Amino acid sequence: MFSLLLLLSILLSNYNVYGKLINDFNQLEINSCDLFKGNWVYDDDYPLYNSSICPFIEKQFDCLKNGRVDKDYLKYRWQPKECNLPRFDATEFQKKLKGKQMMFVGDSISLNQWQSLTCMLHAADPQAKYISKRIGGTSIFTFPKYNTSYLMYRNAFLVDIKTENNGARVLELDSLSSAAQWKEMDVLIFDSWHWWLHTGRKQPWDFVQDVNSTYKDAPRLTLYEKALNTWAKRVDSEVDTTKTKIFFQGISPDHDNNPGISGSNRCQGVTQPLKSTIGVHEEELVLEKVLKGMNKSVYLFNITNLSQYRADGHPSVFGHGGHRDLDCTHWCLAGVVDTWNLLLSALLG
């Protein structure tokens with residue numbers, strides 16, 4: 001009896017998380033259709049653009065230029081179960097954002113999505129002038145024709161990492177100095193998780209500061225949740241969500257160790273979507289818990305499940321590291337991430 005009550009409690013807790021977010025989606029006129037539940041279908045009209053006519057695409061995402069021969073991974077379209085996802089209309093998207101600014105904030109997965117969107121917009125109107133510049137840690141891509149700006153701010157942990165006079169790098173879980181620029185944005189898309197897993201030489205901090213406590217390290221899910229709570233408090237207290245629409249991207253799955261891939265535990269050599277997936281992303285549950293506790297409306301951009309099927313969409317040996325550094329984390333462009341932006345366009349109304 002106790003186990004039954006516990007299960008019911010968990011289910012109701014999850015329902016509350018999604019209930020809040022689904023209600024928000026209804027306000028965006030999605031008509032109760034969950035765009036994130038569906039399946040991948042082969043479509044000869046895909047991809048949405050030719051990566052060879054995107055002159056600014058980063059080498060690490062340009063799989064065809066890096067020698068990938070198989071091309072079926074480019075041909076899959078996401079089909080929601082209960083509705084159709086409108087085809088991407090770049091002109092309408094630009095008109096929707098006319099005079100506005102959209103900013104991606106996060107790690108290289110955010111960079112991946114930002115690059116996808118700018119390629120989609122450029123490919124639709126290749127003669128339109130664009131301006132690409134970088135100011136500090138922010139990359140800015142502007143289309144003067146529409147007076148639209150698409151920004152990318154690299155901040156993998158959302159909270160601050162500061163270097164002390166003695167050279168020690170300190171992860172400050174209760175400090176977030178970059179929030180001031182959020183207020184100027186009309187759309188914000190946040191992302192954070194992958195760098196929380198780095199240890200050893202790739203770990204970018206030496207100490208963790210948590211209010212008045214300083215320590216070497218802690219379970220990464222614990223640190224992640226504390227950082228998300230700092231972020232959530234800043235959004236709740238400082239961002240006007242009647243002006244600024246905020247999305248937080250679900251966990252982008254990697255396939256470095258995926259027993260669901262037949263004959264392999266990595267993404268190398270996978271050329272078709274997986275037929276099934278297994279496993280629970282604990283970090284996704286932490287994110288949902290934090291979003292549930294917020295006062296402001298933040299939309300869970302839940303690309304986790306749909307992307308789990310696409311082990312074929314990673315650069316694998318056709319990324320920046322080749323066979324020496326297999327990339328089962330980022331995504332080829334064109335590819336899976338274009339669908340994320342298709343979903344984003346639909347949710348923007």
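Everything numeric here is computed off the predicted structure, so don't read it as measured data.
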Classify the side-chain pair [X]/[Y] by whether it contains a donor and acceptor separated by less than 3.5 Å.
X: Q94; Y: T148; value: yes
X: H255; Y: Q308; value: no
X: S297; Y: T241; value: no
X: R77; Y: Q79; value: yes
X: Q272; Y: Y76; value: yes
X: H194; Y: S108; value: no
X: D338; Y: S116; value: yes
X: T163; Y: R169; value: no
X: W196; Y: S192; value: yes
X: Q60; Y: N66; value: no
X: Q268; Y: S316; value: no
X: T230; Y: D174; value: no

F207 six-ring face occupied by K216 cation (under 6.0 Å, within 45°) = yes
Quick one: is the NZ or CZ of R310 closer than 6.0 Å to the six-membered ring centre of W40, and within 45° of its axis?
->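 Yes, R310 lies over the aromatic ring of W40.
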Which heavy-atom pair separates [X] from [Y] by the least distance, and what is that distance?
X: C267; Y: A311; result: CB-O, 3.5 Å
X: Y49; Y: A123; result: CB-CB, 3.5 Å
X: I53; Y: P55; result: O-CD, 3.2 Å
X: V290; Y: M294; result: O-CG, 3.3 Å
X: E283; Y: I251; result: CG-CG1, 3.4 Å
X: G106; Y: M152; result: O-CE, 3.7 Å

Sub-3.5 Å donor-acceptor pair from the side chain of [X] to the main-chain atoms of [Y], do we have one?
X: D236; Y: N295; value: yes
X: N155; Y: L158; value: yes
X: Q115; Y: E58; value: yes
X: D160; Y: E172; value: no
X: S345; Y: N341; value: no
X: T222; Y: A218; value: no
X: R68; Y: G319; value: no
X: S110; Y: F104; value: no

Around atom [atom1] of [X], are there more than 12 heavy atoms of other residues, nucleotides or ligands at under 6.0 Å?
X: K243; atom1: NZ; value: yes
X: K75; atom1: NZ; value: yes
X: R87; atom1: CZ; value: yes
X: N166; atom1: CG; value: yes
X: K96; atom1: NZ; value: yes

Taking C-beta and beyond as the side chain, do [X] and [Y] meet within less than 4.5 Å on heavy atoms?
X: M102; Y: L348; value: yes
X: D327; Y: H314; value: no
X: L223; Y: V208; value: yes
X: E282; Y: L221; value: yes
X: E238; Y: K183; value: yes
X: L97; Y: K100; value: yes
X: L228; Y: L287; value: yes
X: E288; Y: L300; value: yes

Take L342 and L85, measure what side-chain contact (heavy atoms from CB on, under 4.5 Å) needs, and give me the verdict at the end.
-> CA-CA 8 Å; L342 201 62; L85 187 59; 3.6 Å; yes
For side chain to side chain donor-acceptor pair (under 3.5 Å), just list the numbers for D70 and T271, CA-CA rounded to whole Å, side-chain angles, deciding distance to a tenth of an Å, and then say yes or no.
-> CA-CA 7 Å; D70 69 288; T271 59; 5.1 Å; no
Worked check of ring-ring contact (aromatic ring centres under 6.0 Å, His included) between Y46 and W78 = CA-CA 11 Å; Y46 272 53; W78 179 249; over 10 Å; no
Result for ring-ring contact (aromatic ring centres under 6.0 Å, His included) between F190 and one of F247, W231, F157, Y153 points to W231
Hey, mind stepping through L64 and K71 against side-chain contact (heavy atoms from CB on, under 4.5 Å) and telling me if it holds?
-> CA-CA 8 Å; L64 293 180; K71 295 182 180 178; 4.1 Å; yes
Hey, are K226 and D210 close enough for a salt bridge, meaning a charged N less than 4.0 Å from a carboxylate O?
-> yes
Using a strict cut-off of less than 4.0 Å between a Lys/Arg side-chain nitrogen and an Asp/Glu carboxylate oxygen, indicate whether D240 and K296 qualify as a salt bridge.
-> no
Check: F301 ring centroid to W340 ring centroid under 6.0 Å | no
Do F61 and W331 have ring centroids that are under 6.0 Å from one another?
->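 When the ring centroids of W331 and F61 are compared, they turn out to be at least 6.0 Å apart.
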Would F141 and Y150 satisfy ring-ring contact (aromatic ring centres under 6.0 Å, His included), going step by step from the backbone distance to the final call?
-> CA-CA 5 Å; F141 201 96; Y150 304 92; 7.6 Å; no
Given the rule in the side-chain contact (heavy atoms from CB on, under 4.5 Å) test, do I109 and Q249 qualify, once you have shown the distances and angles that lead to the verdict?
-> CA-CA 10 Å; I109 299 297; Q249 185 195 92; 3.4 Å; yes
Using the six-membered ring wherever Trp is involved, compare the ring planes of F93 and F88 and label them parallel, tilted or perpendicular (cut-offs 30° and 60°).
->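 Plane angle between 30° and 60°, so tilted.
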Run the side chain to side chain donor-acceptor pair (under 3.5 Å) check on E284 and T304 step by step: do they pass?
-> CA-CA 8 Å; E284 180 84 9; T304 304; 2.9 Å; yes
Carefully, step by step, assess L285 and H281 under the rule side-chain contact (heavy atoms from CB on, under 4.5 Å).
-> CA-CA 7 Å; L285 300 180; H281 288 264; over 6 Å; no
Verdict with reasoning, H122 to F56, per ring-ring contact (aromatic ring centres under 6.0 Å, His included) = CA-CA 10 Å; H122 170 71; F56 45 81; 5.6 Å; yes
Run the numbers on Y224 and W193 for ring-ring contact (aromatic ring centres under 6.0 Å, His included), then give the verdict.
-> CA-CA 7 Å; Y224 177 62; W193 172 244; 4.8 Å; yes
